[in-house]
Amino acid sequence: MALPNSMSRDEALSVLLGTKKPEKKGKFGMNPDEYRRKHSYGGGGISLISYENGTRGIATVGLLKGLDSTTLKDKDTRVVMGYHTPGDEGGGEFFWKAGDLTPDNGGTVLQSAGGGSGRWFRIYSGAVNVRWFGAKGDGTTDDTTAIHAAIDSIKAASGTSGKVFFPRGNFRVTSGYTNTSSRFDIVFEGEACSRKNENSRGSQVTLDNASSASFFYDSGTVNQLLNVRNMMFKCAQSVPGRDFFIFRSTDYVVFFDYVDFESVERPFVFKAGSYFQSASFTNIQFQVFSGTFHSETSSLVGTLMVINNVHHEHGCPNNTTEKVVCDLRGIRTIQATNFLLEGALPSSGWTVLKLNGAGGTWERDCAFEASGYHSEWTVNAPAYALDVENCRASFSQCQMGAGAAYPMKLTNSALTLTGASFTGDDTKIADYFVFDDIASRVILRDCSVRAFSGPGAAQSRITFENCGWAANGGAGAESATSTIFSNTQSTLMWRWNGGFSDPKVGTLSAPGSTSIIPSLDASYGRKLVVTPNGQVASFTATTQARGFIKQKDMFWITGHLTFPTFTSGTFLLYFIQAGVTGSVAGFSTDYSGQTLRFAYPVRITEVLTDTSTVGLHFNLLSGAGVSGTFDIHSVGFYSGNAAPPGEFPAYPATIITYNSAAPTVGEWAQGDIVYNNAPAASGTIGWVCTTAGTPGTWKTFGTIAA
C-alpha cells in the first residue's frame with residue numbers, strides 16, 4: 001500500500017491500519033535507491049531475523065506467503081529480504097491486515113499460499129519497482145507478467161497515475177501492455193541508459209517476439225499521459241515494420257527523456273486518428289538499425305512536438321513499404337534543436353524527412369522550425385532529402401546533405417534555409433529542389449552555395465538573401481563566380497506598374513504579337529495585355545544601365561505576369577545585356593494560364609556603358625494551342641547582390657503615364673493622366689481621362705505658350 005508522504009514506520013503502520021489519518025509533510029523521503037541503501041539485508045541463508053519494535057524479517061516473498069495465516073495477528077509486520085533470493089531488490093516491509101480480501105497483485109498485495117482472508121500489504125512510498133513483482137532483469141527470464149502486474153498495481157492503487165521503476169538490468173518481455181483505462185497516466189523510469197548497455201550499467205527492456213504484431217506499449221483509445229525516462233529499449237530479433245510504442249488515442253501527452261533505442265524497427269508509431277496535445281522527445285538515440293518517428297497519416301496526429309538532441313545513426317530497418325526515415329506528418333507545430341538523421345539506407349527510393357500538415361487546409365498547415373539539423377547518408381542515396389507538403393518549414397545552421405540526386409521536394413509549401421551548407425559540386429542550386437506546384441517557394445538566407453542559376457522554372461521560386469556564391473570550377477560552374485561576392489542592398493533601377501512606359505526610362509513592347517494595350521484587371525488593378533499573333537506570344541522590357549551596374553555585378557529581374565493558355569511549347573525567359581541575350585528559365589505547359597511572380601538573379605558578363613540596354617524577354621517557342629492573352633502586371637530591374645523586396649507593388653486607383661497623344665486603345669479609369677512626352681509650342685502638357693472606358697473620354701490640360 002503506497003504512502004503519500006514521508007513518515008516514520010510507526011506512523012505508517014497507524015495509517016495503513018486505519019487508526020490514524022495521513023499528515024502531509026512535503027515530498028516522500030525514499031526513492032528506490034535510498035530504500036536499497038537502508039534495507040541491505042545481505043544473504044547467507046538467513047530466513048528469519050528480528051528488528052526493533054518486534055518486527056521480524058524473512059528471506060523471500062515465497063516464504064512470506066507460506067506463513068501459516070492462522071498464526072498471524074492483525075498488525076503483524078515482516079521485513080522480506082528479497083523476492084526470489086535475499087538481496088535481489090524484490091523485498092521490502094509488509095504488514096498483515098486480517099480479514100482483508102483485496103486481490104493479490106503479486107508485489108504490493110500478497111495473499112497467503114494457504115488462501116483464505118487476510119493480506120500482506122507492502123509499505124512503500126513513490127514508485128513501484130518491477131523486481132517487487134518478481135522481475136529478474138537477467139536478460140533470460142520472461143519478465144512480462146511481472147512488469148504488467150507492476151503497471152496494473154498502480155492503476156488499482158490510485159486509478160489515475162503512478163510510476164513504474166526499472167532498476168539496472170535487462171528485462172525481457174514477450175508481449176505488450178495496452179492501456180485501457182482513461183486518464184491513467186504512467187511514468188516508466190530507469191536508473192540509466194547506455195549506448196552499449198549491459199545488465200549492470202543501465203535499465204534495459206528487450207522485446208523478444210518474432211511476430212510483426214508484437215509491441216511493447218499501446219496507448220489504446222483512451223486519454224492519458226506517458227512519461228519515459230532513463231531507459232534503453234531493444235528488440236531481440238529483426239521484424240520489419242514492427243511497432244514498439246503505439247499511439248492511437250486522442251488527447252494524450254507524451255514525454256521521453258534520456259531514452260535509447262537499439263535495433264527497434266519503429267520506436268514511435270502514430271496511428272491514423274490519434275492526436276496528442278503535446279509531445280517532447282529529449283536526448284533520444286536511435287541506433288543499430290532502428291527507425292525513428294513514424295506517422296501513418298497526415299490527419300490529426302498532434303498539436304506541438306519538441307525534438308531536442310535527437311540522434312539517428314547507423315542503418316535503417318528494411319521497411320520496404322514505408323521507405324521513410326522520419327515521418328512527422330499530421331503534426332501542426334514542430335520545434336527541433338540538434339536533430340541528426342544519418343547512416344545507411346537499405347535500398348533506393350527512400351525519403352529522409354517527411355512533413356505534411358493535417359488535412360491540407362491552411363489552419364492545419366505544418367509549421368516546422370529546426371536549429372542545428374544534420375542529414376547525411378553514406379549508402380544508397382535517398383530519393384528525397386526532404387519532402388514537405390502543406391508546410392512552412394525553416395532550417396537554420398543546417399547541413400542538408402541534399403543535391404540534384406536527392407533533392408528537397410515541396411508541395412504547397414514554403415522552405416527557408418538560413419546559414420545552410422550544401423554537399424556536392426557545382427550543381428546549380430535550382431536542381432536541389434523539386435517543386436510539385438507553382439505556389440511553393442524557397443528562401444536561401446545567409447547561405448554559401450555553388451552555382452545558383454540556370455534554366456528551369458524552379459529558379460523563379462528561389463529567393464536569395466545575403467548569400468555568397470563560390471564555384472569550384474567544375475562542370476556546371478557559372479561564369480564570373482570564382483569569388484564569393486558580398487551582398488549589397490539592391491537598388492531599384494526601373495519598374496513598370498501600369499499604363500504606358502516612359503521611353504526616357506524604359507520600354508515595353510510585344511514583338512511579333514498583334515497588340516499590347518493597357519487594361520484594368522479585377523484581381524490585380526492594372527496590366528498590359530499582349531494579344532498573341534497566332535502561335536506567337538512575346539514580350540520585352542528594357543532599361544538603360546546608366547552607370548548603376550557594371551561587369552560582374554549582380555542584377556535582378558522581377559516580374560508578375562499571367563501566361564496565355566497553350567497546349568505545347570515552352571515560354572523561355574531571356575536576360576538582355578548590352579544587346580546580348582541569354583536564356584535564364586523555361587516554363588512548360590504546367591504554367592498554361594497560370595499567374596507567376598518571380599525574382600531572378602543574374603550576373604552581368606558583358607562590358608556595359610551608361611547607354612547599354614539591360615532587360616528581359618519572354619518568347620513562346622514551338623507553341624501550339626495558344627489562346628487568351630499574355631498579361632503583364634509588373635516588371636522591375638534591380639542592381640545589387642541582395643534579393644529585392646519580396647512584396648509586389650500595389651496598383652493605384654489612378655495612374656500617371658506618358659505618351660505622345662491621348663490613348664486610343666486600352667481600358668482606362670477616370671482620373672488617369674497621360675503626360676505628353678513630345679511637348680511643343682502651342683501644344684498641350686497632357687490629357688486626363690474624364691470618363692472611364694475603352695479607351696474612355698480624354699480631355700487636354702495645360703496649354704503650352706506659342
Side-chain angles (χ1 to χ4, degrees), residues 404 407 409-412 428 430-431 433-442 453-462 496 498 501 507-524 526-542 557-577 579-600 602 613-636 648 665-667 694:
K409 179 182 177 184
L410 288 84
T411 305
N412 189 33
K428 294 185 181 298
D431 294 335
F433 306 98
V434 170
F435 296 90
D436 256 11
D437 63 289
I438 64 173
S440 296
R441 293 291 183 270
V442 171
S453 67
Q459 189 64 34
S460 66
R461 326 275 185 77
I462 303 172
W496 173 83
S501 62
T507 61
L508 300 168
S509 62
S513 301
T514 59
S515 66
I516 177 171
I517 60 175
S519 179
L520 301 178
D521 189 285
S523 299
Y524 303 113
R526 299 285 179 170
K527 63 183 178 181
L528 277 177
V529 176
V530 177
T531 303
N533 184 5
Q535 307 305 312
V536 177
S538 62
F539 169 75
T540 301
T542 60
I557 52 179
T558 65
H560 180 192
L561 53 88
T562 300
F563 290 107
T565 58
F566 56 105
T567 58
S568 65
T570 302
F571 263 106
L572 285 183
L573 170 60
Y574 298 91
F575 172 53
I576 303 170
Q577 50 178 324
V580 178
T581 303
S583 175
V584 174
F587 303 90
S588 67
T589 53
D590 290 341
Y591 289 84
S592 175
Q594 299 294 320
T595 298
L596 174 70
R597 294 182 175 183
F598 64 86
Y600 275 103
V602 291
T613 298
V614 290
L616 61 86
H617 174 65
F618 269 97
N619 190 23
L620 176 60
L621 297 182
S622 303
V626 178
S627 63
T629 58
F630 187 12
D631 298 342
I632 313 302
H633 307 292
S634 174
V635 293
F648 286 81
V665 295
E667 186 178 1
T694 308

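Of all heavy-atom pairs spanning Ala541 and Val635, the tightest one is CB-CG2, 4.0 Å. Across Leu573 and Phe587, no two heavy atoms sit closer than the pair CB-CE1, 4.1 Å. Ser501 and Leu508 get closest at one heavy-atom pair: OG-N, 3.4 Å. Residues Val530 and Ser538 approach most closely at CG1-O, 3.6 Å, considering heavy atoms. The shortest non-hydrogen separation linking Ile557 to Gly615 is CG2-O, 4.5 Å. Contact detail for Thr629 and Pro532: the closest heavy-atom pair is CA-CD, 4.2 Å.
Not one N or O on the side chain of Thr613 forms a donor-acceptor pair closer than 3.5 Å with the backbone of Gly579. Counting only distance, with no hydrogens or angles, the side chain of Thr565 and the backbone of Gly593 share no donor-acceptor pair below 3.5 Å. Thr540 places no side-chain N or O within donor-acceptor distance of the main-chain N or O of Ala510, the cut-off being under 3.5 Å.
Once rounded to the nearest 0.5 Å, the distance linking CZ of Arg526 with CG of Asp631 reads 14.5 Å. Separation of atoms CG (Leu561) and CZ (Phe598) is listed at 5.5 Å; rounding is to 0.5 Å. In this structure, His617 NE2 and Ile576 CD1 are separated by 7.0 Å, a value rounded to the nearest 0.5 Å.
A tilted orientation is assigned to the rings of Phe435 and Phe433, their planes being inclined by 30° to 60°.
In this structure, Tyr600 and Phe575 have side chains that are not in contact, with every pair of non-hydrogen atoms separated by 4.5 Å or more. Counting only heavy atoms from C-beta outward, the side chains of Asn619 and Leu572 never approach each other to under 4.5 Å.
Note: Phe571 and Tyr591 fail the aromatic proximity criterion, with ring centroids not under 6.0 Å apart.
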side-chain hydrogen bond (donor to acceptor under 3.5 Å, both in side chains), that's the test. Do Thr542 and Thr507 meet it? Break it down for me.
CA-CA 5 Å; Thr542 60; Thr507 61; 2.7 Å; yes
Criterion side chain to side chain contact (heavy atoms under 4.5 Å, CB included) on Gln535 and Leu620, from CA distance to verdict:
CA-CA 8 Å; Gln535 307 305 312; Leu620 176 60; 5.8 Å; no
Candidate pair Phe539 and Leu616, rule side chain to side chain contact (heavy atoms under 4.5 Å, CB included), full reasoning
CA-CA 8 Å; Phe539 169 75; Leu616 61 86; 4.2 Å; yes
Working for side chain to side chain contact (heavy atoms under 4.5 Å, CB included), residues Phe618 and Ile632:
CA-CA 11 Å; Phe618 269 97; Ile632 313 302; 6.0 Å; no
Pair Thr531-Ser513, side chain to side chain contact (heavy atoms under 4.5 Å, CB included): steps then yes or no
CA-CA 6 Å; Thr531 303; Ser513 301; 5.9 Å; no
Pair His633-Thr562, side-chain hydrogen bond (donor to acceptor under 3.5 Å, both in side chains): steps then yes or no:
CA-CA 8 Å; His633 307 292; Thr562 300; 3.0 Å; yes
